[in-house]
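Computed from a prediction, not measured in an experiment: that's the story for all the values here. Atoms within a ligand are numbered from 1 in the order they appear, just like the ligands themselves.
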Amino acid sequence: MRPGNERYGRTAGGPRSPDRAAVVAGLGAAVPQTVVTNDDLAGVLDTDDAWIRRRTGIRQRRAIATGQATSDLAVEAARNALASAGTADAGAVVLATSTPDQLCPATAPNVASRIGLGPVPAFDVQAVCTGFVYALASGAGLISLGVVDSVLVIGADTFSTILDPEDRATRVVFGDGAGAVLLRAGSRTEPGALLDFSLGSDGSSVDLIGMGAGGSRQWSTGLPAKAEDTYFSMRGQAVFKQAVSRMAESAQDIAARTGWAVEEVDSFVFHQANSRILAAVARQLGVPVERFRTNIADLGNTVAASIPLALADATAEGELTPGQKVVLTGFGGGLTWGSTAVVWPGLEPLRTELSTEAGDFLPKYR
Ligand code: COA
């Protein structure tokens, strides 16, 4: 190994212990200062606070300001995860996002450089609301193989930038935010070790969630995109049904792979899509809904950020405590889904707010 490579969390190569695992060592979160309440949206759309609360469980969400980008939130959450772990270093950055700063190149290298990590490997993972679980699997793989000794795994999205200003079904649901964990090399028997993964996809349902424009399919036509294709859209009811069945199956599968009975799981930290989805999954799994950790009322659906933000809030509120058996499960566009299992470690999460200008929350017409 070249001198100085330790600085970047690189390893020397060579055989690894079969016990080697990725261990959650730090947890950070960041949300924009601007709060968008249901009443704010009712002022510009045909909707109302009672409908939104009843159908989604959401009271408010956050939104970045004009000129800000996903990386601004990702940098802040990543710094918080590093500080929470008591280090300034990470050997790689894996960023889950489907609202990157630009289509090309990836956003992760810019985040790594702004945090001051040096020439570490850095790449984006695109699995929409499952992105954070897929990114955890990627980071855990880098550590298990011995490529690096630590990985910053970030989930960050700014869906306020891709919502149709006139679409009440999506604008009430989504919010902006970022969450991050620092994974370090450790042993499978330690609290915080990611014990296994269960991952899946079904590309035949590609049309349920997504954005038509902005890719090779549209550009190869040589024609400008239709305005409606430049916004995110989803078929809410079909997505709802898929979300319930896929997440329930995924949680059952990860429990079985880990050797846990579903009933002995203390906390379920699922993608925060809709509080009715969480209640339906709890019914399908036959566990009390009180074991589902949720912050959707305050943040809405923050896409790839939702699981780490829920982890940070539940830990700060004392709902996630050391020694608990925890299942993390995501579901999103693609379709994609996935789970991991962890015995919760002792952690002090850090959450900060990205400064924004009050009132600047309206998605822009293209
Ligand atoms: N305010 C008031 N009415 C609304 C509304 C809003 N914000 N959004 C939709 N409606 C209306 C619809 O227009 C429809 O009216 P109609 O019956 O006159 O046609 C009615 O409410 C019912 O629409 P529907 O789509 O069946 O509502 P829903 O109960 O399924 O709730 C979602 C809509 C989007 C909240 C819900 O489907 C959902 O949460 N889906 C999953 C979303 C998700 O998880 N996405 C991310 C995937 S990871």
Side-chain angles (χ1 to χ4, degrees), residues 36-61 96-99 125-135 155 157-160 162-177 199-203 205-211 231-251 269-282 284 292 294-297 299-310 328-339 363:
V36 182
T37 66
N38 291 347
D39 285 339
D40 289 332
L41 292 177
V44 292
L45 287 168
D46 181 15
T47 189
D48 59 81
D49 176 57
W51 190 96
I52 301 170
R53 283 183 197 236
R54 195 174 65 249
R55 304 306 292 168
T56 70
I58 299 168
R59 287 184 301 152
Q60 59 183 41
R61 69 287 295 143
T97 186
S98 43
T99 44
V125 166
Q126 218 278 41
V128 202
C129 300
T130 318
F132 186 72
V133 178
Y134 271 56
D157 267 305
T158 51
F159 262 46
S160 68
I162 59 169
L163 297 178
D164 179 346
E166 291 176 355
D167 183 0
R168 62 182 180 173
T170 53
R171 276 197 63 192
V172 302
V173 169
F174 292 95
D176 300 342
L199 305 169
S201 76
D202 173 13
S205 297
V206 62
D207 293 338
L208 292 187
I209 304 175
M211 197 166 104
Y231 296 119
F232 173 85
S233 69
M234 70 178 173
R235 289 182 19 217
Q237 280 200 6
V239 172
F240 192 107
K241 286 179 195 148
Q242 286 275 348
V244 173
S245 59
R246 295 297 189 185
M247 286 202 286
E249 285 161 15
S250 184
V269 185
F270 275 38
H271 170 52
Q272 306 284 301
N274 183 319
S275 56
R276 289 188 298 131
I277 290 178
L278 299 181
V281 173
Q284 195 152 320
F292 280 69
T294 179
N295 59 0
I296 193 169
L299 297 180
N301 177 346
T302 53
V303 192
S306 93
I307 291 176
L309 282 171
L328 316 183
T329 300
F331 168 84
L335 298 174
T336 53
W337 55 87
S339 295

- Residue from Asp40, Asn38, Asn301 passing side chain to side chain donor-acceptor pair (under 3.5 Å) with Arg61: Asn38
- Query: Do Thr97 and Asp157 meet the criterion of a side-chain donor-acceptor pair at a distance under 3.5 Å?
  - Reply: yes
- Would you say Ser201's side chain and Gly203's backbone share a donor-acceptor pair under 3.5 angstrom? no
- Task: For the pair Phe159 and Phe232, name the ring-plane relationship: parallel under 30°, tilted 30 to 60°, perpendicular over 60°.
- Result: perpendicular
Go ahead and list the nitrogen or oxygen contacts between ligand 1 and the protein that come in under 3.5 Å, distances to 0.1 Å, or just say none.
| unit_1 | atom_1 | unit_2 | atom_2 | d |
| --- | --- | --- | --- | --- |
| ligand 1 | 1 (N) | Thr47 | OG1 | 2.6 |
| ligand 1 | 7 (N) | Thr47 | OG1 | 3.1 |
| ligand 1 | 7 (N) | Arg168 | O | 3.2 |
| ligand 1 | 13 (O) | Arg168 | NH2 | 2.8 |
| ligand 1 | 26 (O) | Gln237 | NE2 | 2.5 |
| ligand 1 | 29 (O) | Arg55 | NE | 3.0 |
| ligand 1 | 29 (O) | Arg55 | NH2 | 2.7 |
| ligand 1 | 29 (O) | Arg276 | NH2 | 3.2 |
| ligand 1 | 37 (O) | Gly236 | O | 3.3 |
| ligand 1 | 39 (O) | Asn274 | ND2 | 2.7 |
| ligand 1 | 40 (N) | Gly236 | O | 3.1 |

- So, does Thr336 use its side chain to make a donor-acceptor pair with the main chain of Ala127 at under 3.5 Å? yes
What side-chain donor-acceptor pairs closer than 3.5 Å can you find for residues 237-246, not counting sequence neighbours?
| unit_1 | atom_1 | unit_2 | atom_2 | d |
| --- | --- | --- | --- | --- |
| Gln242 | OE1 | Arg246 | NE | 3.3 |
| Ser245 | OG | Lys241 | O | 3.3 |
| Ser245 | OG | Gln242 | O | 3.4 |

